[in-house]
Amino acid sequence: GENVEQHPSTLSVQEGDSAVIKCTYSDSASNYFPWYKQELGKGPQLIIDIRSNVGEKKDQRIAVTLNKTAKHFSLHITETQPEDSAVYFCAASIRLFGNEKLTFGTGTRLTIIP
Amino acid sequence: SQTIHQWPATLVQPVGSPLSLECTVEGTSNPNLYWYRQAAGRGLQLLFYSVGIGQISSEVPQNLSASRPQDRQFILSSKKLLLSDSGFYLCAWSGGKGSYEQYFGPGTRLTVT
């Protein structure tokens, strides 16, 4: 089955600096790569995603890049703000019986230092 | 717009007691539904998924079961809770065929004592 590794497990950056979180996946059949943000005590929130036919996607201060050859994808947050502090999860998905089966990374705790 | 509800929000149950967690989705029809468990400080583990009423697939052998009695209702159950069942339980939905995105509910914090 699919295996997703995520690094780093914790990340602290100064407010205004950029943050980068990286993930690798094992199954070359994976074709959908979402990123979730989870605040304390809440459910994960989908913040951005990318499909395998695209190399990069950007939404304001957040961008995701995908390298299918190397089987890795990254989340980039620019001009970080205190409200970006949260746990971020990457995931990879294989469509199975019409169903998206997500395999998650272990998460990155991002702390923005004011 | 679509909304997903879970209840209860928190639950403290003794070992050996039964469990029933409920998830409902509004604003969509025939969604795929999922149950995940998140242990403290850990990632999300898929427990069950359902592509339709009465259709349940289990991902890991365990002390839990799931049912889907109605199109937009997903229930997680146990006959006898174990200490290891403690965790944060999350329900999610996706739009089914042709839809990739999964959206999570607010979660239920279960503590087994």
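Note on naming: letters A, B, ... go to the chains in the order of the sequence lines (proteins, then strands), and numbering restarts at 1 for each one. FYI, side chains are in, hydrogens and waters are out, and symmetry mates aren't considered; it's all heavy atoms of this structure.
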* May I ask you to name which of A:Gly41, A:Gly43, A:Pro34 has the most heavy-atom pairs under 4.5 Å with chain B? => A:Gly43

* Structure fact -> Interatomic distance, OH@A:Tyr36 vs OH@B:Tyr103, rounded to 0.5 Å, equals 8.0 Å

* To do: Give, for atom CD of A:Gln38 and atom CZ of B:Phe88, the distance between the pair rounded to the nearest 0.5 Å.
  => 6.0 Å

* **Under 4.5 Å from any heavy atom of chain A - which part of B:Leu90** => side chain

* Exceeds 12 heavy-atom contacts within 6.0 angstrom, atom NZ of A:Lys42 -> no

* Asked: Could you give the distance from OG (B:Ser94) to NZ (A:Lys101), rounded to the nearest 0.5 Å?
  -> 14.0 Å

* Would you mind telling me which of A:Thr106, A:Leu102, A:Thr103, A:Leu46 has the largest number of heavy-atom pairs within less than 4.5 Å of chain B? => A:Leu102

* **Other residues, nucleotides, ligands: >12 heavy atoms within 6.0 Å of A:Gln60 CD** => no

* Asked: Got a sec: does the CG of B:Leu83 have more than 12 other heavy atoms crowding it under 6.0 Å?
  -> yes

* Once the angle between the rings of A:Tyr32 and B:Tyr100 is folded into 0 to 90°, is it parallel (under 30°), tilted (30 to 60°) or perpendicular (over 60°)? -> tilted

* **A:Glu79, CD atom: more than 12 neighbouring heavy atoms under 6.0 Å** => no

* To do: State plainly whether one hydrophobic cluster holds both A:Leu75 and A:Val13, where clusters connect Ile, Leu, Val, Met, Phe, Trp and Tyr through side-chain heavy atoms under 4.5 angstrom apart.
  => yes

* Contacting moiety of B:Gln38, where chain A heavy atoms sit under 4.5 Å -> side chain

* Are B:Phe104 and A:Ile48 connected in a single hydrophobic cluster, I mean Ile/Leu/Val/Met/Phe/Trp/Tyr linked by side-chain heavy atoms less than 4.5 Å apart? -> no

